[in-house]
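Report on one structure; see the data block that follows.
Predicted, not measured: the structure shown is a model, and the values here were computed from it. In what follows, chains carry the letters A, B, and so on, assigned in the order in which the sequence lines appear, proteins first and then strands, with residues in each chain numbered from 1.
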There are 2 protein chains.
Amino acid sequence: MAQGKSHSGKRLAEKQLKLIAKALADPRRYEILRQIGAQESGASCTDIRECQPVSAATLSHHFKELESAGLIKVARQGKFAHFKLRRDVLRAYLDHLAKI
Amino acid sequence: MAQGKSHSGKRLAEKQLKLIAKALADPRRYEILRQIGAQESGASCTDIRECQPVSAATLSHHFKELESAGLIKVARQGKFAHFKLRRDVLRAYLDHLAKI
DNA sequence: TCATCAATTAGATGGTTGTCGAAATGTCAA
DNA sequence: TTGACATTTCGACAACCATCTAATTGATGA
(Lines give C-alpha, C1' and ligand atoms only; values in the text may rest on other atoms or scores of the structure.)
Protein backbone atom coordinates (compact mmCIF):
# COMPACT_ATOMS: atom_id res chain seq x y z
CA MET A 1 0.00 0.00 0.00
CA ALA A 2 0.98 3.62 -0.53
CA GLN A 3 3.96 3.90 1.81
CA GLY A 4 3.08 3.97 5.49
CA LYS A 5 0.41 6.47 6.53
CA SER A 6 -3.12 5.56 5.70
CA HIS A 7 -4.48 8.82 4.30
CA SER A 8 -2.81 11.82 5.93
CA GLY A 9 0.65 12.56 4.64
CA LYS A 10 2.07 14.51 7.54
CA ARG A 11 2.19 14.61 11.33
CA LEU A 12 2.81 17.89 13.08
CA ALA A 13 4.62 18.38 16.37
CA GLU A 14 2.66 19.65 19.34
CA LYS A 15 4.51 22.94 19.22
CA GLN A 16 3.74 23.53 15.57
CA LEU A 17 0.06 22.82 16.15
CA LYS A 18 -0.04 25.60 18.70
CA LEU A 19 1.74 28.00 16.37
CA ILE A 20 -0.70 27.24 13.59
CA ALA A 21 -3.73 27.72 15.81
CA LYS A 22 -2.38 31.04 16.99
CA ALA A 23 -1.50 32.12 13.47
CA LEU A 24 -5.01 31.39 12.25
CA ALA A 25 -6.62 33.18 15.16
CA ASP A 26 -5.83 36.65 13.91
CA PRO A 27 -8.29 37.77 11.21
CA ARG A 28 -5.70 39.82 9.39
CA ARG A 29 -3.36 36.85 9.18
CA TYR A 30 -6.18 34.69 8.01
CA GLU A 31 -6.89 37.14 5.18
CA ILE A 32 -3.25 37.25 4.21
CA LEU A 33 -3.07 33.49 4.13
CA ARG A 34 -6.21 33.39 2.07
CA GLN A 35 -4.79 35.76 -0.47
CA ILE A 36 -1.58 33.79 -0.70
CA GLY A 37 -3.56 30.62 -1.19
CA ALA A 38 -5.90 32.15 -3.74
CA GLN A 39 -3.36 31.65 -6.51
CA GLU A 40 -1.42 28.47 -6.89
CA SER A 41 1.60 30.63 -7.72
CA GLY A 42 1.30 32.45 -4.40
CA ALA A 43 1.60 36.18 -3.82
CA SER A 44 4.31 38.76 -3.37
CA CYS A 45 4.71 41.03 -0.40
CA THR A 46 3.73 44.00 -2.53
CA ASP A 47 0.64 42.23 -3.83
CA ILE A 48 -0.57 41.78 -0.31
CA ARG A 49 0.39 45.25 0.74
CA GLU A 50 -1.99 46.57 -1.90
CA CYS A 51 -4.89 44.71 -0.34
CA GLN A 52 -4.27 45.04 3.37
CA PRO A 53 -4.54 48.42 5.06
CA VAL A 54 -1.57 47.97 7.37
CA SER A 55 1.99 49.18 7.42
CA ALA A 56 4.80 47.22 5.81
CA ALA A 57 6.23 46.61 9.27
CA THR A 58 3.05 44.98 10.43
CA LEU A 59 2.87 42.84 7.32
CA SER A 60 6.42 41.70 7.84
CA HIS A 61 5.51 40.68 11.35
CA HIS A 62 2.58 38.62 10.13
CA PHE A 63 4.69 36.91 7.48
CA LYS A 64 7.10 35.86 10.15
CA GLU A 65 4.31 34.37 12.22
CA LEU A 66 2.88 32.49 9.28
CA GLU A 67 6.28 31.22 8.26
CA SER A 68 7.33 30.06 11.70
CA ALA A 69 4.01 28.24 11.98
CA GLY A 70 4.98 26.49 8.76
CA LEU A 71 1.91 27.72 6.92
CA ILE A 72 3.80 29.52 4.17
CA LYS A 73 6.99 29.04 2.24
CA VAL A 74 9.05 32.15 1.58
CA ALA A 75 11.22 32.78 -1.46
CA ARG A 76 13.32 35.93 -1.53
CA GLN A 77 14.74 37.25 -4.74
CA GLY A 78 16.63 40.49 -4.70
CA LYS A 79 14.54 42.99 -2.85
CA PHE A 80 11.33 41.05 -3.34
CA ALA A 81 9.67 38.36 -1.30
CA HIS A 82 7.25 35.78 -2.57
CA PHE A 83 4.99 33.53 -0.51
CA LYS A 84 3.24 30.27 -1.12
CA LEU A 85 0.69 28.46 0.98
CA ARG A 86 1.89 25.12 2.29
CA ARG A 87 -1.22 23.11 1.72
CA ASP A 88 0.31 19.97 3.14
CA VAL A 89 0.78 21.68 6.49
CA LEU A 90 -2.70 23.16 6.51
CA ARG A 91 -4.10 19.77 5.61
CA ALA A 92 -2.17 18.12 8.43
CA TYR A 93 -3.54 20.69 10.86
CA LEU A 94 -7.10 20.04 9.75
CA ASP A 95 -6.59 16.29 9.98
CA HIS A 96 -5.35 16.72 13.50
CA LEU A 97 -8.30 18.85 14.52
CA ALA A 98 -10.72 16.43 12.94
CA LYS A 99 -9.57 13.73 15.34
CA ILE A 100 -10.82 15.57 18.41
CA MET B 1 -29.31 10.83 -1.50
CA ALA B 2 -28.82 11.62 2.16
CA GLN B 3 -31.06 14.67 2.59
CA GLY B 4 -29.98 17.92 1.03
CA LYS B 5 -26.42 19.20 1.37
CA SER B 6 -23.77 17.38 -0.59
CA HIS B 7 -21.15 16.85 2.08
CA SER B 8 -20.94 19.83 4.43
CA GLY B 9 -23.96 20.18 6.65
CA LYS B 10 -23.47 23.72 7.93
CA ARG B 11 -22.31 27.19 6.97
CA LEU B 12 -20.88 29.43 9.65
CA ALA B 13 -21.09 33.21 9.80
CA GLU B 14 -17.92 35.23 9.47
CA LYS B 15 -18.15 36.28 13.08
CA GLN B 16 -18.48 32.75 14.35
CA LEU B 17 -15.48 31.65 12.32
CA LYS B 18 -13.39 34.24 14.09
CA LEU B 19 -14.66 33.20 17.49
CA ILE B 20 -13.84 29.58 16.76
CA ALA B 21 -10.34 30.36 15.56
CA LYS B 22 -9.70 32.39 18.67
CA ALA B 23 -11.18 29.74 20.93
CA LEU B 24 -8.94 27.07 19.45
CA ALA B 25 -5.85 29.24 19.73
CA ASP B 26 -5.50 28.86 23.47
CA PRO B 27 -3.86 25.55 24.41
CA ARG B 28 -5.81 25.24 27.62
CA ARG B 29 -9.09 25.68 25.78
CA TYR B 30 -8.00 23.18 23.21
CA GLU B 31 -7.33 20.64 25.96
CA ILE B 32 -10.69 21.29 27.54
CA LEU B 33 -12.43 20.83 24.23
CA ARG B 34 -10.50 17.65 23.66
CA GLN B 35 -11.57 16.24 26.98
CA ILE B 36 -15.18 17.15 26.31
CA GLY B 37 -14.98 15.48 22.94
CA ALA B 38 -13.23 12.40 24.25
CA GLN B 39 -16.51 10.90 25.37
CA GLU B 40 -19.61 10.97 23.27
CA SER B 41 -21.54 11.76 26.45
CA GLY B 42 -19.42 14.84 27.07
CA ALA B 43 -17.95 15.94 30.38
CA SER B 44 -19.03 17.78 33.48
CA CYS B 45 -17.43 20.90 34.84
CA THR B 46 -16.11 18.93 37.79
CA ASP B 47 -14.63 16.27 35.53
CA ILE B 48 -12.61 18.89 33.77
CA ARG B 49 -11.65 20.67 36.92
CA GLU B 50 -9.98 17.46 38.06
CA CYS B 51 -7.77 17.43 34.99
CA GLN B 52 -6.93 21.08 34.46
CA PRO B 53 -4.72 22.91 36.96
CA VAL B 54 -6.65 26.16 36.90
CA SER B 55 -9.15 27.86 39.16
CA ALA B 56 -12.88 27.35 38.76
CA ALA B 57 -13.17 30.97 37.74
CA THR B 58 -10.76 30.47 34.88
CA LEU B 59 -12.55 27.34 33.76
CA SER B 60 -15.86 29.15 33.76
CA HIS B 61 -14.32 31.82 31.57
CA HIS B 62 -13.09 29.24 29.07
CA PHE B 63 -16.45 27.51 28.96
CA LYS B 64 -18.05 30.79 28.09
CA GLU B 65 -15.60 31.31 25.23
CA LEU B 66 -16.16 27.82 23.88
CA GLU B 67 -19.90 28.18 24.14
CA SER B 68 -20.10 31.56 22.50
CA ALA B 69 -17.96 30.21 19.69
CA GLY B 70 -20.59 27.50 19.33
CA LEU B 71 -18.10 24.72 19.91
CA ILE B 72 -19.88 23.25 22.90
CA LYS B 73 -23.42 22.77 24.05
CA VAL B 74 -24.10 23.43 27.71
CA ALA B 75 -26.69 21.67 29.84
CA ARG B 76 -27.22 22.87 33.38
CA GLN B 77 -28.94 20.72 35.93
CA GLY B 78 -29.21 21.94 39.45
CA LYS B 79 -25.78 22.97 40.54
CA PHE B 80 -24.03 20.98 37.85
CA ALA B 81 -23.04 21.83 34.32
CA HIS B 82 -22.47 19.36 31.53
CA PHE B 83 -20.80 20.00 28.19
CA LYS B 84 -20.85 18.32 24.85
CA LEU B 85 -18.74 18.94 21.80
CA ARG B 86 -20.70 20.23 18.82
CA ARG B 87 -19.10 18.17 16.13
CA ASP B 88 -21.23 19.71 13.42
CA VAL B 89 -19.78 23.13 14.20
CA LEU B 90 -16.23 21.86 14.37
CA ARG B 91 -16.75 20.07 11.10
CA ALA B 92 -18.12 23.21 9.47
CA TYR B 93 -15.09 25.15 10.65
CA LEU B 94 -12.73 22.58 9.19
CA ASP B 95 -14.64 22.53 5.92
CA HIS B 96 -14.34 26.28 5.74
CA LEU B 97 -10.61 26.23 6.39
CA ALA B 98 -10.10 23.51 3.85
CA LYS B 99 -11.40 25.82 1.15
CA ILE B 100 -8.55 28.29 1.53
C1' DT C 1 28.50 56.47 -6.53
C1' DC C 2 24.10 57.72 -5.22
C1' DA C 3 19.22 57.91 -4.92
C1' DT C 4 15.34 54.99 -4.71
C1' DC C 5 12.73 51.33 -3.53
C1' DA C 6 11.35 46.59 -0.96
C1' DA C 7 11.53 44.60 3.05
C1' DT C 8 13.04 43.96 7.90
C1' DT C 9 14.18 45.38 12.56
C1' DA C 10 13.83 48.21 16.76
C1' DG C 11 11.23 50.37 20.09
C1' DA C 12 6.94 52.15 21.84
C1' DT C 13 2.00 51.93 22.77
C1' DG C 14 -2.79 50.71 23.49
C1' DG C 15 -5.76 46.99 23.67
C1' DT C 16 -6.72 42.17 24.58
C1' DT C 17 -6.71 38.11 27.42
C1' DG C 18 -5.53 34.21 30.67
C1' DT C 19 -5.26 34.04 35.28
C1' DC C 20 -6.34 34.62 40.12
C1' DG C 21 -8.84 35.48 44.79
C1' DA C 22 -12.96 37.02 46.69
C1' DA C 23 -17.67 37.59 46.58
C1' DA C 24 -22.13 36.31 44.78
C1' DT C 25 -25.63 33.07 43.10
C1' DG C 26 -28.12 29.04 43.17
C1' DT C 27 -28.97 24.14 44.61
C1' DC C 28 -29.50 20.51 47.65
C1' DA C 29 -29.66 17.84 51.96
C1' DA C 30 -29.93 17.65 56.85
C1' DT D 1 -33.22 27.40 58.14
C1' DT D 2 -28.67 26.54 57.66
C1' DG D 3 -24.54 24.85 55.83
C1' DA D 4 -22.00 22.79 52.20
C1' DC D 5 -21.12 22.59 47.55
C1' DA D 6 -20.88 23.85 42.14
C1' DT D 7 -20.61 27.38 39.33
C1' DT D 8 -20.48 32.24 37.92
C1' DT D 9 -19.37 37.09 38.32
C1' DC D 10 -16.34 40.90 39.66
C1' DG D 11 -12.21 43.40 39.82
C1' DA D 12 -7.43 43.40 39.29
C1' DC D 13 -3.07 42.31 37.17
C1' DA D 14 0.68 40.68 34.25
C1' DA D 15 1.75 38.97 29.88
C1' DC D 16 0.98 39.02 25.20
C1' DC D 17 0.13 41.05 20.69
C1' DA D 18 -1.29 43.91 16.61
C1' DT D 19 -0.02 48.08 15.27
C1' DC D 20 2.60 52.21 14.33
C1' DT D 21 6.81 55.34 13.15
C1' DA D 22 11.57 55.63 12.49
C1' DA D 23 15.72 53.63 11.38
C1' DT D 24 18.20 49.97 8.95
C1' DT D 25 19.56 46.66 5.46
C1' DG D 26 20.05 45.26 0.96
C1' DA D 27 19.33 45.45 -4.06
C1' DT D 28 18.75 47.92 -8.41
C1' DG D 29 19.21 51.34 -11.92
C1' DA D 30 20.77 55.86 -13.41
Mind checking what makes salt bridge (charged side-chain N to carboxylate O under 4.0 Å, His left out) contact with [X], not counting sequence neighbours?
X: E67(B); value: R76(B)
X: E14(B); value: none
X: R28(A); value: none
X: R34(A); value: E31(A)

Q: Taking the side chain as every heavy atom from C-beta outward, state whether K73(A) and H82(A) have any pair of such atoms under 4.5 Å apart.
A: no
What pairs of nitrogen or oxygen atoms, one from the protein and one from nucleotides 1-6 of chain D, lie under 3.5 Å apart?
unit_1, atom_1, unit_2, atom_2, d
dA6(D), O3', K79(B), O, 3.3

Q. Which value, rounded to the nearest 0.5 Å, describes the distance between I72(B) atom CD1 and K84(B) atom NZ?
A. 12.5 Å
Q. If you round to the nearest 0.5 Å, how far is CG of L94(A) from NZ of K99(A)?
A. 11.0 Å
Q. Would you say K64(B) reaches dT7(D)'s phosphate, i.e. side-chain N/O to OP1/OP2 under 4.0 Å?
A. no
Q. Closer than 4.0 Å, any side-chain N/O of R76(B) to the OP1 or OP2 of dT27(C)?
A. no
Q | side chain to side chain contact (heavy atoms under 4.5 Å, CB included) evaluation trace for Q52(B) with I32(B) | A | CA-CA 8 Å; Q52(B) 296 290 332; I32(B) 292 170; 4.2 Å; yes
Q: Can you sort out the partners of F83(A) under ring-ring contact (aromatic ring centres under 6.0 Å, His included), two or more places apart, ordered by chain and number?
A: F63(A)
Q: Mind checking ring-ring contact (aromatic ring centres under 6.0 Å, His included) for H62(A) and listing every partner two or more places apart, or none if nothing turns up?
A: none
Produce the list of close N/O pairs, under 3.5 Å, pairing protein atoms with atoms of nucleotides 15-19 of chain C; give distances to one decimal.
unit_1, atom_1, unit_2, atom_2, d
dT17(C), OP1, K22(B), NZ, 2.3
dG18(C), OP1, R29(B), NH2, 3.1
dG18(C), OP2, R29(B), NH1, 2.8
dG18(C), OP2, H61(B), NE2, 3.2
dT19(C), OP1, R28(B), NH1, 2.6
dT19(C), OP2, H62(B), NE2, 2.5

Q: Describe, as an angle rounded to 10 degrees, how the axis at the first end of the helix from dT1(C)-dA30(D) to dA30(C)-dT1(D) is tilted relative to the axis at the last end, five pairs per end.
A: 20°
(Q) Can you list, in residue-number order, the parts of residues 33-43 of chain A that come under 4.0 Å of DNA chain D, counting heavy atoms only? (A) none
(Q) Between L66(A) and R29(A), does the side chain to side chain contact (heavy atoms under 4.5 Å, CB included) criterion hold? Intermediate values first, please. (A) CA-CA 8 Å; L66(A) 289 170; R29(A) 241 162 2 225; 3.8 Å; yes
List the atom pairs, with distances to 0.1 Å, where a side-chain N or O of residues 42-51 of chain B and a protein N or O form a donor-acceptor pair under 3.5 Å, not counting sequence neighbours.
unit_1, atom_1, unit_2, atom_2, d
S44(B), OG, T46(B), N, 3.4
S44(B), OG, D47(B), N, 3.0
S44(B), OG, D47(B), OD1, 3.4
S44(B), OG, D47(B), OD2, 3.2
D47(B), OD2, S44(B), N, 3.0

Q) How is R49(B) classified with respect to the nucleic acid when contacts are heavy atoms under 4.0 Å: base, sugar-phosphate, or nothing? A) nothing
Q: Report the distance from atom CD of E67(A) to atom P of dA7(C), rounded to the nearest whole Å.
A: 14 Å
**Q.** Atom pair distance, as rounded to whole Å: CG in L59(B) and P in dC20(C)
**A.** 9 Å
Q.
Here's a test of your reading of the structure: between G78(A) and A56(A), which maps to the more 5' nucleotide of DNA chain D?
A. A56(A)
**Q.** Partners passing side chain to side chain donor-acceptor pair (under 3.5 Å) against H96(B) (at least two apart in sequence or in another chain)
**A.** Y30(A)
